[in-house]
Amino acid sequence: MNKRIIKKGGVGQLLIPLVALAILLIFNLIRDPGFYSIGVAVNNSGNKVLTGNIISIIDSASELAIIAMGMTLVTAACGGQDISVGAVGTIAGSIFVKTLKAFPDINFGTLILAILACCLVTILFKSFNGALVAVFKIQPMIATLILFSCGRSIAYWIVGSATPQIDSPIINSMGMTIPGIPIPTPIFGVVLVGLILTLIFRLTTLRLYTESVGVNQGAARLNGINPVGIKMLSFVILGICVAVAGIIGTCRMGQVSHKTLLIDIEMDAILAVAIGGNNLGGGRFKISGSILGAYIIQMLTTTLLAMRVDPVNIKAYKAIVIIIIVMAGSPVVKQKLTALWHRIRSGGLKPASAKGVN
Amino acid sequence: MKKLFALVLALVLCAGLVSFAHADDPIKVGIINLDPAESGYREANVNDLYSVFTAENGYDAKFVTAPTADKQLEAANTFITEGVDFILVSAAETTGWDETLAAAKEAGIGVFLFDRMIECDPDLYTAAVVSDMRNEGVTAVAWLESLGLEEYNVLHIQGQLGSAAQIGRSEPLQEKCAADDKWTMVREGTGGDSWDPNEARKIAEAAINAGEKFNIVYAENDGMAQGVVAALDAAGITHGVNGDVIVMGFDCNKWALRELLAGNWNYDGQCSPFQAALIDQMIKTLVGGGEIEGLNELKQIINDEKGFDARTITEEDIATYGLGE
């Protein structure tokens, strides 16, 4: 029974990230119970905001979680990753600022126009990546390397200045909190994107088609699925995710800084997909796993910061923990653990060894 | 088609001849600056130079904007080989220029330092039009002291490490914290090789997540102060004139001064990016056979700069001293 669940990518796929998250939670509980305290404070704009490390984790991981969702889909369909998400996200930020600056003041109309413009542009850029991957059969990482290296220059070229500011209550509401709602707005962004994707998967056959293209595109084609179309579609969806993440990042700061907006997010996003137990070679996928992965990465960062680890050294510590998580999720270790579990269940092993399972 | 091509070619040639005849021996200058994308200050500085060193003004100017010391040195050596008349430099790092400047001197090229000083023998350059970055730091620390707070717990956001601006603005604060028991450096962070607002935000988030208590943010440029403020807002920590945390920035961008006027920040230190007109004057004097006057022992002309307090700043100050839009 258990073996079946793991193979089908049911709860089994989420086992490792859930255990990792639980360990982090328990570790912090023992280290400092105050880590979980949540308070309410009033900030300079006069808005009530929720404070505390947990809120900070969920808030800060928003961009990563959103991009990880799109990345999961591309991974599943193409068997490779898009490393230009940070660069294209910065382009989205630039378009956002540029569009808003084209009007004398910022209101809901111009805001929606700017968001649409962002989505359109990122979809175009991602379709370029998609075409290279799907039509010209270039390896995803190589195909997306092009925009990875020149995307930030394009972003600078679009706005044409160092750190253009956009100052407006609407922008503050988007990047921080809406007056009257103490929950950080970026969290709603994650929920919205998550809901839309869930709806798409519920109402259409996209999940099945994507998985079949990822597993064996020859077989998929024989069954009447167009692999090129499915792959392109995955890049289009990633494009929308990237636009949303870029807009959130820009609104957070009230400015777009082309050098560091969403910096290094591509690597974290791929990691989130991997931690979530998804096969980086394509095929079956679970978006909830990737979202979980994103929060684990942010939780790890915040925990280390709370332990006063120098921010410069954090990447090294993070790497160690992530190696452990990814190793635990590797097929070899998984197989060994499953075998062990079965032996325990059939009573072939002494209960003392049960520790190994957890 | 061919005819059209020939016509265009002829026109271009004519235009070339006319312009050649028009400009009687332009002064060749090589200008080495930093990346305009670095900050609002740099953007204003680069544009100022572009607007003064033009063909109409009698110059044949070549511009190089390079963010790092090695690329700047490479550009300087190219200018020396090309045989320009003057080189203008705003250095990414204060050291490592001796050899190149000596080569320029040997080739009879005049060197002007602008915006940032270089640590070397004053014989190696003609003159320097700079901001006294240390004085900017001293002014800021003196202002902070004048508030008479009971304790000073400082979150110090440093700019690009090794630059004259970073060193000059950091040292007075670091010395004060070391000397005075009431002053504590809670956390010191840097943008590394940049002046980046996002890096500044991360440092502030780290301090907040670690539960460190600070009541002063000393950020070494406006963008970085803005980054910290974003983190404070997200964490529900009040700042500014009636807030819990005092926010300080440098450069006096217009948008930053508006934050002062709104009471969200407390202090902004001026750093004038306009040196081009003065250097232009000095070069014309030298070319005309005159001598430059008014230099101090380090051959400097120091920009007159001050700091602005949120409680006293006016719309007029913003219009007069603010950079950008």
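Residue numbers begin at 1 in each chain, while the letters A, B, ... track the order of the sequences.
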Would you find a donor on one side and an acceptor on the other, under 3.5 Å apart, between the side chain of A:N43 and the backbone of B:D233? yes

Donor-acceptor under 3.5 Å (A:R308 side chain, B:A210 main chain):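 Yes; at least one donor-acceptor contact below 3.5 Å.
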
B:E212, CD: over 12 other non-hydrogen atoms inside 6.0 angstrom: yes

A:F188 CZ: over 12 foreign heavy atoms closer than 6.0 Å: yes

Under the salt bridge (charged side-chain N to carboxylate O under 4.0 Å, His left out) rule, collect the residues that match up with A:D82, sequence neighbours excluded. A:K126

How close do [X] and [Y] get, heavy atom to heavy atom, and via which atoms?
X      : Y      : result
A:H258 : B:A37  : CE1-CB, 3.4 Å
B:N264 : A:N44  : OD1-ND2, 3.1 Å
A:V42  : B:T238 : O-CG2, 3.2 Å

Taking side chain as everything from C-beta outward and backbone as N, CA, C, O, which of these in [X] sits under 4.5 Å from a heavy atom of chain A? Side chain, backbone, both or neither.
X      : answer
B:R187 : side chain
B:A235 : backbone
B:E259 : side chain

Counting only heavy atoms closer than 4.5 Å, note whether A:M253 contacts chain B via side chain, backbone, both or neither. both

One option among A:Q255, A:Q165, A:K48, A:M307 has the most heavy-atom pairs under 4.5 Å with chain B, and it is A:Q165

Look at A:D167, A:L305, A:V309, A:I55 and state which one has the largest set of heavy-atom pairs under 4.5 Å with chain B.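 It is A:L305.
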
In Å and rounded to the nearest 0.5 Å, what is the CD to OG distance from B:E205 to A:S60? 5.0 Å

A:R252 CZ to B:R201 CZ distance, which is reported to the nearest 0.5 Å: 5.5 Å

Give the interface residues of residues 90-97 of chain A toward chain B, defined by a heavy-atom separation under 4.5 Å. none

Within residues 239-257 of chain B, which positions have a heavy-atom distance to chain A below 4.5 Å? B:H239, B:W255

Should the pair B:E38-A:K259 be classified as a salt bridge under the 4.0 Å nitrogen-to-oxygen rule?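 Salt bridge flag = no for A:K259 with B:E38.
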
Is there a side-chain contact between B:K202 and A:I314, using heavy atoms and a 4.5 Å cut-off?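 Of all side-chain heavy-atom pairs linking A:I314 with B:K202, none is under 4.5 Å.
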
I'd like to check the side-chain hydrogen bond (donor to acceptor under 3.5 Å, both in side chains) partners of A:T260; sequence neighbours left out, ordered by chain and number.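 Testing A:T260 for side-chain hydrogen bond (donor to acceptor under 3.5 Å, both in side chains), a comparison that skips the adjacent residues, returns A:S257, B:D196, B:N198.
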
